[in-house]
Amino acid sequence: MTLPIWESLVAETQFASDLALAGLRRLCSVPTAPDLFPWGSKDQNYALHVGMHSYSSGLERLCKLAIACNGYAVAGEFPRLRDYSHKIGNLLNAVEKLPLPQSGPRVAPRKMGYLVRPLDALDPDVTNMVERFANGAGRYEHLDSLWNDDTEVSTYKEWSALAARASVSEDVRRLISIKERAADAIQSELVDNGLLWTSQRVIQDLALDLYKPSVGVVMSLFRKVRWVSASLDVATYYTRPELPLLGEVVSRIFIHTSADFFNYHIARIGDEETVGEELEAAHERIRLREAESDDEGPLAP
């Protein structure tokens, strides 16, 4: 295998991983009822199409990489992938049927659980929605509706229906709460240090809302990416010297428990205990500042 093919596999895996991750992050910020503004504004719904565009493309590419590398590991040649097109359901089915390569070290027990296709209460609806979007019906629904009265603009309706059925674990709820507290504390500390205007963009990014119903759907979508990533990892883990260790790309992002993934890559908190201690100290400083402000009272005329 020539070096450019090695580089192509690594670059494509990096590209696909970042696409999927960017999509998952954006999808957490899709507001759904009852989180919509009281007047029913839909001006933030576009986040759904941004996130779905990135996620569906990243998932499709990771599936094709897993199929291609498994084929090479087992048979010594890369299979043709164009026939899969953007059919996410067929790609996921193909990944499920991939045989474990006989060469290479024994799969670590921790990874074995991730090699099983996840059973999800949102399926088959969530997979069908991703496939509809990937095939173009969802990606272009707004443009198509301008000239075709029969176009169904349904991605947001489908997402909202899934969000109403999704659940969020207590671990993830706790992490969302920590993220919100951290955003408030950082904003207060920056403003107190004379950085009100300098920090506006930083504060906007920190304060980006995470909607729990959408987070529930995102965690379902994450588990699909984790499974496909684990399949890609195993297919390239010292199976043939020509294949790079693509697990080094996908593992750092996706081969985690659901709570750890949400912590490291969505909420981006890290060490909860340390962050909790820092937030307690910050909120004590904030409380003292507010008390001092109350003591000063209104200025005399």
Side-chain angles (χ1 to χ4, degrees), residues 14-32 34-38 41-59 155-156 159-160 163 166 168-169 171-222 225 249 252-254 256 258-286 289-290:
Q14 291 172 320
F15 180 33
S17 298
D18 273 14
L19 278 173
L21 177 58
L24 291 170
R25 284 175 175 163
R26 199 70 181 91
L27 289 170
C28 287
S29 297
V30 177
T32 62
D35 293 313
L36 291 173
F37 295 110
S41 173
K42 296 182 179 180
D43 63 351
Q44 295 302 310
N45 291 3
Y46 77 94
L48 174 59
H49 287 72
V50 175
M52 285 294 294
H53 192 282
S54 292
Y55 173 79
S56 61
S57 180
L59 178 62
T155 303
Y156 182 76
W159 180 270
S160 295
V168 180
S169 70
D171 286 339
V172 171
R173 288 178 180 274
R174 184 183 67 255
L175 291 165
I176 292 174
S177 177
I178 293 173
K179 178 188 177 297
E180 291 171 348
R181 290 173 57 213
D184 291 340
I186 292 170
Q187 177 174 354
S188 180
E189 295 284 75
L190 288 170
V191 171
D192 185 62
N193 282 275
L195 294 171
L196 172 61
W197 298 109
T198 304
S199 65
Q200 286 298 300
R201 280 304 181 95
V202 174
I203 291 170
Q204 288 174 8
D205 290 341
L206 288 170
L208 186 66
D209 288 323
L210 301 180
Y211 295 101
K212 292 184 183 68
S214 285
V215 168
V217 183
V218 165
M219 300 316 294
S220 172
L221 296 176
F222 156 70
V225 173
V249 178
R252 65 182 179 84
I253 303 175
F254 298 122
H256 300 289
S258 296
D260 282 347
F261 167 77
F262 190 85
N263 182 351
Y264 301 142
H265 297 291
I266 304 296
R268 305 169 103 170
I269 292 167
D271 188 328
E272 285 187 60
E273 184 175 351
T274 301
V275 170
E277 292 171 356
E278 291 182 352
L279 287 178
E280 287 297 324
H283 282 101
E284 179 61 19
R285 291 192 298 270
I286 294 168
R289 285 199 299 268
E290 291 175 347

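Numbering of residues begins at 1 and proceeds along the displayed sequence.
Ring orientation note: the planes of Tyr264 and His256 are nearly perpendicular, at an angle over 60° on the 30°/60° scale.
The distance from atom CG of Asn45 to atom OG of Ser160, rounded to the nearest 0.5 Å, is 7.5 Å. A distance of 12.0 Å separates NZ of Lys212 from SG of Cys28, quoted to the nearest 0.5 Å. In this structure, CG in Leu59 is found 12.5 Å from OG in Ser54, a value given to the nearest 0.5 Å. Going from atom CG of Leu48 over to atom CG of Leu27 covers 6.5 Å, rounded to the nearest 0.5 Å. For the atom pair CD1 of Ile253 and CZ of Phe222, the computed distance is 10.5 Å after rounding to the nearest 0.5 Å.
The salt bridge (Lys or Arg N to Asp or Glu O under 4.0 Å) pairs that include a residue from residues 259-274 are Arg174-Glu272, where partners are two or more places apart or lie in different chains. Listed by first and then second residue, the salt bridge (Lys or Arg N to Asp or Glu O under 4.0 Å) pairs involving residues 188-206 are Glu189-Arg285, Glu189-Arg289, Asp192-Arg289 (not counting sequence neighbours).
Here the side chains of Ser29 and Arg26 are in contact, with some heavy-atom distance below 4.5 Å. At a threshold of 4.5 Å between non-hydrogen side-chain atoms, the residues Gln14 and Asp18 do not count as touching. Contact of the Leu21 side chain with the Phe261 side chain is registered, since non-hydrogen atoms from C-beta on lie closer than 4.5 Å. Using a 4.5 Å heavy-atom cutoff, the side chains of Val30 and Tyr156 are in contact.
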List the atom pairs, donor and acceptor, that lie under 3.5 Å between side-chain atoms in residues 175-183 and the rest of the protein, sequence neighbours left out.
{"residue": "Lys179", "atom": "NZ", "partner": "Leu206", "partner atom": "O", "Å": "3.0"}
{"residue": "Lys179", "atom": "NZ", "partner": "Leu208", "partner atom": "O", "Å": "3.2"}
{"residue": "Arg181", "atom": "NH2", "partner": "Glu280", "partner atom": "OE2", "Å": "3.4"}

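The side chain to side chain contact (heavy atoms under 4.5 Å, CB included) search around Ser169 returns Asp171, Val172, not counting sequence neighbours. Judged as a side-chain hydrogen bond (donor to acceptor under 3.5 Å, both in side chains), and not counting sequence neighbours, the contacts of Ser220 are Asp120. Val217 pairs by the side chain to side chain contact (heavy atoms under 4.5 Å, CB included) definition with Leu122, Val126, Trp159, Leu162, Ala163, Ala166, Leu221, not counting sequence neighbours.
Checking side-chain atoms of His283 against main-chain N and O of Leu279 turns up a donor-acceptor pair under 3.5 Å.
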